[in-house]
Amino acid sequence: MSKIRVYELAKMLGKTNREMMDLLKDLGVEVKNHMSSIESETAQLVEDAVSEGRKGPSRDSIPSRKVVVPKGALINEVATHLGKKPGELVKILVSAGQMIPANSPVTDKILEVLSSELAVEIVTGDEQSVEESAVVSRKPLFRGDNLLERAPIITVMGHVDHGKTTLLDHIRKTRITETEAGGITQHIGASTVVHKGRRIVFLDTPGHEAFTAMRARGAQATDIVILVVAADDGVKPQTVEALNHAKASGVPIVVGVNKIDKPEARPDRVRQQLSDYGLVPEEWGGDTVVVDISAVTGQGIDQLLEMVLIVADMLELKADPSVSPEGTVIEARLDKGKGPVASVLVQQGTLKRGDIIQTDSAWGKIRAMIDDSGKQTEEAGPSTAVEILGFSAVPQPGEMFTVVMSEKEARQVMNERETVRKEAESGPSRKITLEEMYDRMQMGETPTLPIVLKCDVQGSLEALKASLKKIETSEVGIQFVHEGVGRISESDVMLASASNAIIIGFNVRPDPNARRMAEDEGIQIRLYRIIYDVIEDVHAALEGMLAPTIREKVLGQAEIRAVFKVPKAGKVAGCYVTEGLIKRGAKVRLVRDGVVYWEGNLSALRRFKDDAREVTSGYECGMSFSNQQDFHEGDIVEAFELVEEKRTLD
């Protein structure tokens, strides 16, 4: 061999990529990354070094993660944050000489013992710190003595209409795009494909900008991102958005330059644009894998999958199927016949039917597990996506799940969390009531559009809320009176009636009773299947709530040339219109020597003895003014009207 890549040599010698990089550094060999190539002579030096016992740093030298738990948290809650069973922590504490039950609050000493034994830095912090830690630590800490190679988890990202779903469609040999409303993927799904005997798990995330939160969640649960960019369209705003999510998650990016079969394709221009955002292609001396593909003809797709597997080899993805199962909720919805249904991604351990599963917001005993092909299965190992039935409520997508020993333990943890949640709601940060909201509106504070939002799945609900919040301004806002998953029910209509809200349904329908009640109560139900339409309609509604801009429009001027006294009518100004026109009912100003001395309404406008609607320039007329008799010859009458101009949110 003349050259070999670093990751290939590491695999041959049974070492990690990190160990290999450190060993090369010790030997004075400079390489940019694991994809770099080295000469065969250098590879021989490395082999000699390994045979002599210079093994480089061990896995134990890799820094541990940091976990933030709430102040005063119970041992049960700390176990949840660590993805462990409370009994495991109690055993660790007992072996350290501390006989403490699982429902006891943690102390600095307890955290010190647990941090030392688990090689995890556990610290206390406020609610915001805990939330930030949860995002950073979304991936479980892969542990266990039986670490085996697992399938890579891939997320496909990119701009809308650049071919993400079509690419997956070609890979999976199924038809998905045609069934999606508007041809745009609306929900996160997961599927498994086999390439050259190796499994690859794909998470399919939507491409519309409204699904930012869903894309971010996908990036947290994935190992590698395939960024799809159309060769004929180039890098677009959502492309950059997806790229930033992948970068923030520290996930490797493989770029697929799609639509290469089109005559107007310009792949080199795409590579230049990617370089501007820090993704320099390998062939240009960078470390980003860029592959030209066509999701329609299949050109380059085998090469793309090959590169994905190479990057996965570099990452050395492993998991222990024998430890306690944990992973991430990908999607969740309420099914009329099945109840709460959740798609979960098992990231370590083996999830089995009958296990008692728990997330931050729901728990349940698994009644059934269905794989991506629609078949029931008894268990799911690492890097496996399954749909599970048995949750007590619809969990939140993106939540970590763990398995607990008993239903009693699950209920206890959920009750404790509910107590904490209620205490937080009753504190100073309590949400405003509808009555208070209306009082504030009457006092001139920011008007809001009350909305009851119902969607088919939790992901759509999260996405719609996020994008609708973006169009709020300091002058008009949105009040989500209620939000939920499932059909529009009578209780939704009753709530909308009480709060004077409109009901927005996305991919759901009202039941007959709810529809009749809405008609009786005069409640508007707007039903949608395309997310663009929701955003546009709410945008228009908010614009209608903006206070209009009042602009003055000058109509014309007249000069008072004579003043007459009319019995019972008072003084009348004989005028000559010099500019524009004077309209009956218009507002007027009286100007003397360039100074406005009165402003009010025109009470009468006449031509000779007849009332006139308007008098144009070059004609004479008679005028009288509301509650104003003090005018002289030579004064100027300026007529104007106030025009309301509709404002926009842009």
Side-chain angles (χ1 to χ4, degrees), residues 152-195 200-219 221-222 224-239 241-243 245-246 253-262 265 270 291-302 304-305 308 330-331 333 343 345 372-374 385 387 397 456-457 459-460 462-464 467 506-507 529-533:
I153 302 163
I154 314 298
T155 297
V156 181
M157 294 184 177
H159 183 74
V160 65
D161 293 336
H162 274 202
K164 300 176 301 301
T165 306
T166 310
L167 171 63
L168 281 167
D169 183 33
H170 189 281
I171 293 173
R172 294 178 297 199
K173 299 294 188 294
T174 58
R175 304 313 304 171
I176 288 182
T177 307
E178 295 170 2
T179 65
E180 298 286 1
I184 300 168
T185 308
Q186 303 279 359
H187 311 137
I188 287 184
S191 56
T192 304
V193 301
V194 178
H195 180 71
I200 305 174
V201 179
F202 282 93
L203 300 183
D204 179 26
T205 56
H208 183 265
E209 63 180 355
F211 286 83
T212 301
M214 294 174 73
R215 272 211 298 264
R217 185 172 69 241
T222 198
I224 301 168
V225 164
I226 294 179
L227 183 65
V228 178
V229 189
D232 61 338
D233 202 16
V235 174
K236 307 299 284 184
Q238 286 97 332
T239 313
E241 192 178 276
L243 185 156
H245 281 306
I253 300 172
V254 174
V255 179
V257 182
N258 194 23
K259 304 186 181 181
I260 198 69
D261 55 306
K262 288 195 170 185
V270 173
V291 182
D292 292 338
I293 62 172
S294 170
V296 175
T297 67
Q299 176 185 345
I301 290 181
D302 282 344
L304 178 70
L305 295 178
V308 164
I330 304 171
E331 186 54 274
R333 70 182 190 276
S343 298
L345 177 68
D372 60 329
S373 62
E387 191 174 76
D456 55 342
V457 294
S460 299
E462 179 183 337
L464 267 175
S467 62
F506 184 74
N507 275 342
R529 291 195 67 228
I530 306 294
I531 193 170
Y532 297 104
D533 296 338

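Numbers here simply count residues along the sequence, with the first being 1.
- Rounding to the nearest 0.5 angstrom, the gap separating the CG atom in Asp302 from the CD1 atom in Ile171 is 9.5 Å.
- The shortest non-hydrogen separation linking Ile330 to Ala385 is CD1-CB, 4.4 Å.
- Rounding to the nearest 0.5 Å gives a distance of 8.0 Å between NE2 of His170 and OG of Ser294.
- With Glu331 as reference, Val457 is the one residue of Leu203, Val457, Leu345 to meet the side-chain contact (heavy atoms from CB on, under 4.5 Å) rule.
- Shortest non-hydrogen contact noted between Ala295 and Asn258 is N-OD1, 2.9 Å.
- Scanning all heavy atoms of the two residues, the minimum distance from Phe506 to Ile531 falls at CE1-N, 3.6 Å.
- With Thr222 contributing its side chain and Ile153 its backbone, the two residues share a donor-acceptor pair below 3.5 Å.
- Residues meeting the side chain to side chain donor-acceptor pair (under 3.5 Å) test with Thr192, sequence neighbours left out: none.
- For the pairing with Val255, the side-chain contact (heavy atoms from CB on, under 4.5 Å) check across Val291, Ile293, Val229, Val225 returns one residue only, Val229.
- Remark: Ala230 pairs with His162, Asp232, Asp233, Lys259 by the side-chain contact (heavy atoms from CB on, under 4.5 Å) rule, at least two apart or across chains.
- Taking CG from Leu243 and CE from Met157, the interatomic distance works out to 10.0 Å, rounded to the nearest 0.5 Å.
- Listed here is the closest heavy atom pair of Ile224 and Pro152: CD1-CB, 4.4 Å.
- Using a 4.5 Å heavy-atom cutoff, the side chains of Leu304 and Leu167 are in contact.
- The two residues Gly163 and Val228 make their nearest non-hydrogen contact at C-CG1, 4.3 Å.
- Within the model, atoms CD1 of Ile530 and CG of Asn507 stand 8.0 Å from one another, a figure rounded to the nearest 0.5 Å.
- Applying the salt bridge (charged side-chain N to carboxylate O under 4.0 Å, His left out) criterion to Asp261, with sequence neighbours excluded, gives no partner residue.
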